[in-house]
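A short write-up of the structure that comes next.
In this chain, residues are counted from 1 in sequence order.
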Amino acid sequence: MTAFQVNLIFILMFNLGAGHTTNLGSGANLFARFIASVSPVRYGTEMLMYRVLKGSVAEQYLLNQLGYTNGDAKCILALAIFAAFCLAMGWINLVRTNRAE
């Protein structure tokens with residue numbers, strides 16, 4: 001039950017970083033900007049917004065207002081780094097728990 005509650009806290013923080021509960025544009029506080037820089041949900045949401053708004057008249061205005069100004073290349077790099085980090089941590093945990101003592 002404790003792991004479930006901790007998981008919910010991380011989900012809420014990642015959603016905060018994605019801009020679900022706060023605006024990440026100009027005026028965002030330092031904590032929200034930090035969480036946004038480490039949240040994989042934020043980069044996925046930004047890439048989705050680029051595709052949804054593509055060709056729209058208000059595309060650049062909305063992206064700037066919401067703080068989605070990283071671009072596809074940075075989003076893909078951030079998601080690849082996050083995936084590599086999770087893979088490495090999972091591998092290390094697997095080796096640590098199954099080593100012969």
Partner residues of N93 under the side-chain contact (heavy atoms from CB on, under 4.5 Å) criterion, sequence neighbours left out: R96, T97
Verify same cluster id: V6, V38 (apolar side-chain graph, 4.5 Å): yes
Pairs where residues 51-72 contributes a residue and the test salt bridge (charged side-chain N to carboxylate O under 4.0 Å, His left out) is met, not counting sequence neighbours: R51-D72
Cluster overlap L62 with Y68, hydrophobic side-chain contacts below 4.5 Å: yes
Atom pair CE (M49) and SG (C75), whose distance is rounded to the nearest 0.5 Å: 12.0 Å
Reported OG1-to-NZ distance for the pair T69 and K74, which is rounded to 0.5 angstrom: 7.5 Å
I92 reachable from F85 in the ILVMFWY side-chain graph, under 4.5 Å edges: yes
Those residues that, when tested against N64, pass side chain to side chain donor-acceptor pair (under 3.5 Å) (two or more places apart): none
Cluster overlap F82 with V41, hydrophobic side-chain contacts below 4.5 Å: no
Closest heavy-atom pair and its distance - L79, P40: CD2-O, 3.5 Å
Minimum heavy-atom distance between N70 and Y43, given as atom pair plus value: ND2-CE2, 3.6 Å
Side-chain touch M47/I76, heavy atoms, less than 4.5 angstrom: yes
Nearest atoms (heavy-atom pairs only) where G71 meets E46: N-OE2, 3.2 Å
